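Quick notes on the structure that follows.
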Amino acid sequence: MLEIDRLCVNYGRVRALDEVSLEIGGEGVLHGVIGPNGAGKSTLLDAVSGRRRPTQGAIRYCGQDITGKSVAWRRHRGMARSFQRTSIFPDLTVDEQLRLVAWRLGDDRLDEIIQALDLTDYLREPAGRIAYGVQRRVDVALALIGRPQLLLMDEPGAGLSAEETLHLFQHVRALVAERRIAAVIVEHDVDAVFSCCDVVTVLDLGRRLATGNPAEIRADARVVEAYLGSAA
């Protein structure tokens, strides 16, 4: 579904991504991206989603070169993104904001998302008053409205406990399979990534260090040395 070809992104003289090439599989694939701070993980999502123009390289989505396309163009063609900080509307109830976005994107299957993310009990609550873990689920729900083909998630577990992160990942895992979409998740909680992702890519110093299934990544000596250490 997504092909990243020798992608480079510079911030002034600093090269945040250095000739990263990567393929993201099709329907039902959950692809985790891990690595140390400063590895280029969020920059990768910025480039793929259109928020950062690559210095060089190409991005192809469903076979089409989208390197120069806008964020809005990508969103309307099935690419959605959530961020490290929630993008909810705190003064609206959960129901109001979900239905507003569903109306805007013409998605009449909102109830499926609400049920899958266990949001039924919170629909009448102002989003700014619910627990942070539930807010993260609302944020994921907002990204899923419009039935995207590709979901990009930047540290959805930020601010959550390990248990809450794993619970959120399990929700996403089920939705990816049920809705037959592909998802890319950048995350620091490697246990959640290894438990729920089909494929894992490790970035280090802007370069792709390794890609494989969780068992292969855990056993990769380069990954253990650069990032996992005793956690492997």
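Because the structure is a prediction, the values reported are computed rather than measured.
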Seminar exercise, completed: Heavy atoms of Pro54 and Val9 approach each other most closely as CA-CG2, 4.0 Å
Exercise. If you look at every heavy atom in Leu7 and Ile59, which pair is closest and at what distance?
Worked result: CD1-CG1, 3.9 Å
Problem set entry | Smallest separation among heavy atoms of Glu3 and Glu23, with atom names | CG-CG, 4.3 Å
Problem set entry | Pairwise distance OG1(Thr55) to CZ(Arg15) - rounded to 0.5 angstrom | 6.5 Å
Exercise. Got a second to check how far Ile24's CD1 is from Arg60's CZ, nearest 0.5 Å?
Worked result: 13.5 Å
Exercise. Given Asp118 and Arg137, is the salt bridge (Lys or Arg N to Asp or Glu O under 4.0 Å) satisfied, shown in steps?
Worked result: CA-CA 8 Å; Asp118 288 341; Arg137 300 209 306 267; 5.3 Å; no
Problem set entry | Shared hydrophobic cluster, Leu205 / Val224 (ILVMFWY, side-chain heavy atoms < 4.5 Å) | no
Exercise. With a 4.5 Å limit on heavy-atom distance, are the side chains of Arg75 and Leu105 in contact?
Worked result: yes
Problem set entry | hydrophobic_cluster_shared for Phe169 and Ile34, side chain cutoff 4.5 Å | yes
Exercise. Hey, does Val140 have a side-chain heavy atom less than 4.5 Å from the side chain of Met153?
Worked result: yes
Exercise. So do Pro126 and Asp91 actually touch side chain to side chain, heavy atoms under 4.5 Å?
Worked result: no
Seminar exercise, completed: Interatomic distance, CD1@Ile130 vs CG@Leu119, rounded to 0.5 Å, equals 7.5 Å
For this session: Just do the side chain to side chain contact (heavy atoms under 4.5 Å, CB included) check on Val193 and Ile185 with the steps written out, would you?
Result: CA-CA 8 Å; Val193 170; Ile185 299 186; 5.6 Å; no
For this session: Start with the C-alpha gap between Arg222 and Glu225, add the side-chain angles, then the distance that decides, and say whether salt bridge (Lys or Arg N to Asp or Glu O under 4.0 Å) holds.
Result: CA-CA 5 Å; Arg222 299 167 302 168; Glu225 180 180 0; over 6 Å; no
Problem set entry | Closest heavy-atom pair and its distance - Ser42, Arg81 | O-NH2, 4.4 Å
Exercise. Any side-chain heavy-atom pair from Leu166 and Asp191 closer than 4.5 angstrom?
Worked result: no
For this session: Check whether any side-chain heavy atom of Asp46 sits under 4.5 Å from a side-chain heavy atom of Leu44, and report yes or no.
Result: no
Exercise. At what distance, to the nearest 0.5 angstrom, does CG of Leu144 lie from CD1 of Ile114?
Worked result: 12.0 Å
For this session: Drop me the distance from Ser82's OG to Leu152's CG, to the nearest 0.5 angstrom.
Result: 8.0 Å
Exercise. What pair of heavy atoms forms the shortest contact from Ala192 to Thr165, and how long is it?
Worked result: CB-CG2, 3.9 Å
Exercise. Step by step, would you call Thr93 with Tyr122 a side chain to side chain donor-acceptor pair (under 3.5 Å)?
Worked result: CA-CA 8 Å; Thr93 68; Tyr122 305 97; over 6 Å; no
Exercise. Can you tell me if CG on Leu123 sees more than 12 non-hydrogen neighbours from other groups inside 6.0 Å?
Worked result: yes
For this session: Please answer whether the main-chain N or O of Thr211 pairs with a side-chain N or O of Thr201 as donor and acceptor at a distance below 3.5 Å.
Result: no
Problem set entry | Cluster overlap Phe89 with Val94, hydrophobic side-chain contacts below 4.5 Å | no
For this session: Pick out which of Arg6, Arg207, Arg208 makes a salt bridge (Lys or Arg N to Asp or Glu O under 4.0 Å) with Asp18.
Result: Arg207
For this session: Could you walk me through whether Asp198 and Arg173 pass salt bridge (Lys or Arg N to Asp or Glu O under 4.0 Å), step by step?
Result: CA-CA 10 Å; Asp198 304 295; Arg173 166 76 272 167; 2.7 Å; yes
Problem set entry | Considering all heavy atoms, the nearest Val223-Ala210 contact | CG2-CB, 3.8 Å
Exercise. Do Arg99 and Trp103 have side chains that get closer than 4.5 Å, going by heavy atoms?
Worked result: no
Exercise. Sequence neighbours excluded, which residues qualify as salt bridge (charged side-chain N to carboxylate O under 4.0 Å, His left out) partners of Glu19?
Worked result: none
For this session: Show the numbers, then the answer: is there a salt bridge (Lys or Arg N to Asp or Glu O under 4.0 Å) between Glu187 and Lys41?
Result: CA-CA 9 Å; Glu187 181 56 57; Lys41 304 182 298 295; over 6 Å; no
Exercise. Below 4.5 Å, heavy atoms only, C-beta onward: do Val176 and Val29 meet side chain to side chain?
Worked result: no
For this session: Among Glu164, His171, Glu163, find the one that has a side-chain hydrogen bond (donor to acceptor under 3.5 Å, both in side chains) with His167.
Result: His171
Problem set entry | Expected output: side-chain Asn213 to main-chain Glu216 donor-acceptor under 3.5 Å | yes
For this session: Side-chain contact test, heavy atoms from C-beta onward, threshold under 4.5 Å: evaluate it for Arg179 versus Ile113 and give yes or no.
Result: yes
Exercise. Which is it for Val33 and Leu203 under the side chain to side chain contact (heavy atoms under 4.5 Å, CB included) test, yes or no, and what are the steps along the way?
Worked result: CA-CA 7 Å; Val33 179; Leu203 297 180; 4.0 Å; yes
For this session: Evaluate side chain to side chain contact (heavy atoms under 4.5 Å, CB included) for Val48 paired with Tyr61, printing each intermediate quantity in order.
Result: CA-CA 9 Å; Val48 170; Tyr61 174 58; over 6 Å; no
Problem set entry | Trace of the side chain to side chain contact (heavy atoms under 4.5 Å, CB included) decision for Ile181 with Gln149 | CA-CA 5 Å; Ile181 64 177; Gln149 292 179 281; 5.6 Å; no
Problem set entry | Linked, directly or transitively: Leu142 and Leu151 (ILVMFWY side chains, under 4.5 Å) | yes
Exercise. If you group Ile, Leu, Val, Met, Phe, Trp and Tyr by side-chain heavy-atom gaps below 4.5 Å, do Leu22 and Met1 land in one group?
Worked result: yes
Problem set entry | From CZ (Arg104) to CD1 (Ile145), nearest 0.5 Å | 12.5 Å
Exercise. Do the side chain of Arg74 and the main chain of Lys69 share a donor and acceptor less than 3.5 angstrom apart?
Worked result: yes
